[in-house]
Amino acid sequence: MLLLILRLAAGALLLLFIGAVLVILWRDFHAAALALGEPGRQRGRLVVVRGEAVRAGTVFTLLPLTSLGRAPTNTIVLNDTFCSQEHAWIMRRDGQWWLEDRGSSNGTRLNGERISEPVVLSSGDVIGIGRLELRVELE
């Protein structure tokens, strides 16, 4: 009889543990979903101003971490032969949007100037990647 009671208690504890893990995962998932849909979160997009491989006026939405390049694994795929496979990153950090070159062959330009370290982006800035020019629009 004691062995049966111990087995039932162990089973109940195991179920409580699994339930607690599921509750924690649900809360974490819910918090992440709210953070992504946050109404006060600043959104951004890139608009192609000039480019041969990508039609002018094409709009790309920025994610909190956006990768740009020719490789199909990038968030934004740029079919320009002067663009590297893994060309640049645009990321949201500390309430600001940042642009970082990823060691590309032809470099990344911001408003005509080649960048060598991460720089803060502002609405209206023009990013040059290969033969493309992309205007930053932040809300």
Side-chain angles (χ1 to χ4, degrees):
M1 187 65 161
L2 180 62
L3 190 57
L4 177 63
I5 293 173
L6 288 175
R7 283 184 180 176
L8 289 175
L13 287 174
L14 181 61
L15 287 175
L16 282 174
F17 175 75
I18 292 172
V21 168
L22 289 176
V23 167
I24 290 170
L25 287 174
W26 173 254
R27 285 183 181 170
D28 189 47
F29 175 76
H30 188 66
L34 286 176
L36 286 176
E38 209 174 87
R41 184 172 70 103
Q42 188 178 23
R43 290 168 176 53
R45 63 186 191 159
L46 298 177
V47 179
V48 177
V49 177
R50 182 177 63 86
E52 296 175 19
V54 181
R55 187 172 49 92
T58 303
V59 176
F60 300 105
T61 302
L62 292 176
L63 299 176
L65 177 60
T66 304
S67 60
L68 297 99
R70 271 190 334 208
T73 55
N74 287 295
T75 311
I76 298 175
V77 179
L78 303 171
N79 295 318
D80 184 341
T81 55
F82 288 88
C83 179
S84 296
Q85 293 288 323
E86 306 281 332
H87 199 97
W89 277 337
I90 297 176
M91 66 199 87
R92 182 131 170 92
R93 185 174 55 205
D94 299 327
Q96 297 179 310
W97 289 97
W98 292 77
L99 172 65
E100 181 178 345
D101 183 73
R102 297 189 61 201
S104 61
S105 304
N106 295 318
T108 302
R109 299 174 313 280
L110 181 63
N111 299 322
E113 299 291 323
R114 189 171 177 154
I115 64 168
S116 57
E117 58 188 35
V119 293
V120 176
L121 292 172
S122 299
S123 195
D125 283 345
V126 177
I127 299 170
I129 294 179
R131 293 179 288 196
L132 293 168
E133 288 186 356
L134 306 144
R135 183 179 64 246
V136 178
E137 293 183 355
L138 304 175
E139 297 175 6

Residue pair [X] / [Y], side-chain heavy-atom distance below 4.5 Å:
X	Y	result
I90	L46	yes
V21	F17	yes
M91	P118	no
L134	I76	no
W97	L62	yes
T108	H87	yes

- [ ] Take the angle between the ring planes of H30 and W26 and call it parallel below 30°, perpendicular above 60°, tilted in between.
- [x]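 Answer is parallel, since the angle falls under 30°.
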Short question: side chain of [X], backbone of [Y] - any donor-acceptor pair under 3.5 Å?
X	Y	result
N111	V126	yes
R93	Q96	no
R109	G130	yes
D80	R131	yes
N74	Q85	yes

Which pair of non-hydrogen atoms, one from [X] and one from [Y], has the smallest distance, and what is that distance?
X	Y	value
D101	G103	OD2-N, 3.0 Å
F60	V48	CE1-CG2, 3.7 Å
C83	I129	SG-CG2, 3.6 Å
R114	S105	NH2-O, 3.9 Å
F82	N106	O-ND2, 2.8 Å

Hey, any chance [X] and [Y] share a hydrophobic cluster, counting ILVMFWY side chains that come within less than 4.5 Å of each other, even indirectly?
X	Y	result
V77	L65	no
I127	L138	yes
L14	L22	yes

Distance check, rounded to the nearest 0.5 Å: [X] atom [atom1] versus [Y] atom [atom2]?
X	Y	atom1	atom2	answer
L121	W98	CG	CH2	9.5 Å
T66	L63	OG1	CG	4.5 Å
R45	R135	CZ	CZ	8.0 Å
E113	L110	CD	CG	9.0 Å
E137	T61	CD	OG1	10.5 Å
L132	L78	CG	CG	5.5 Å

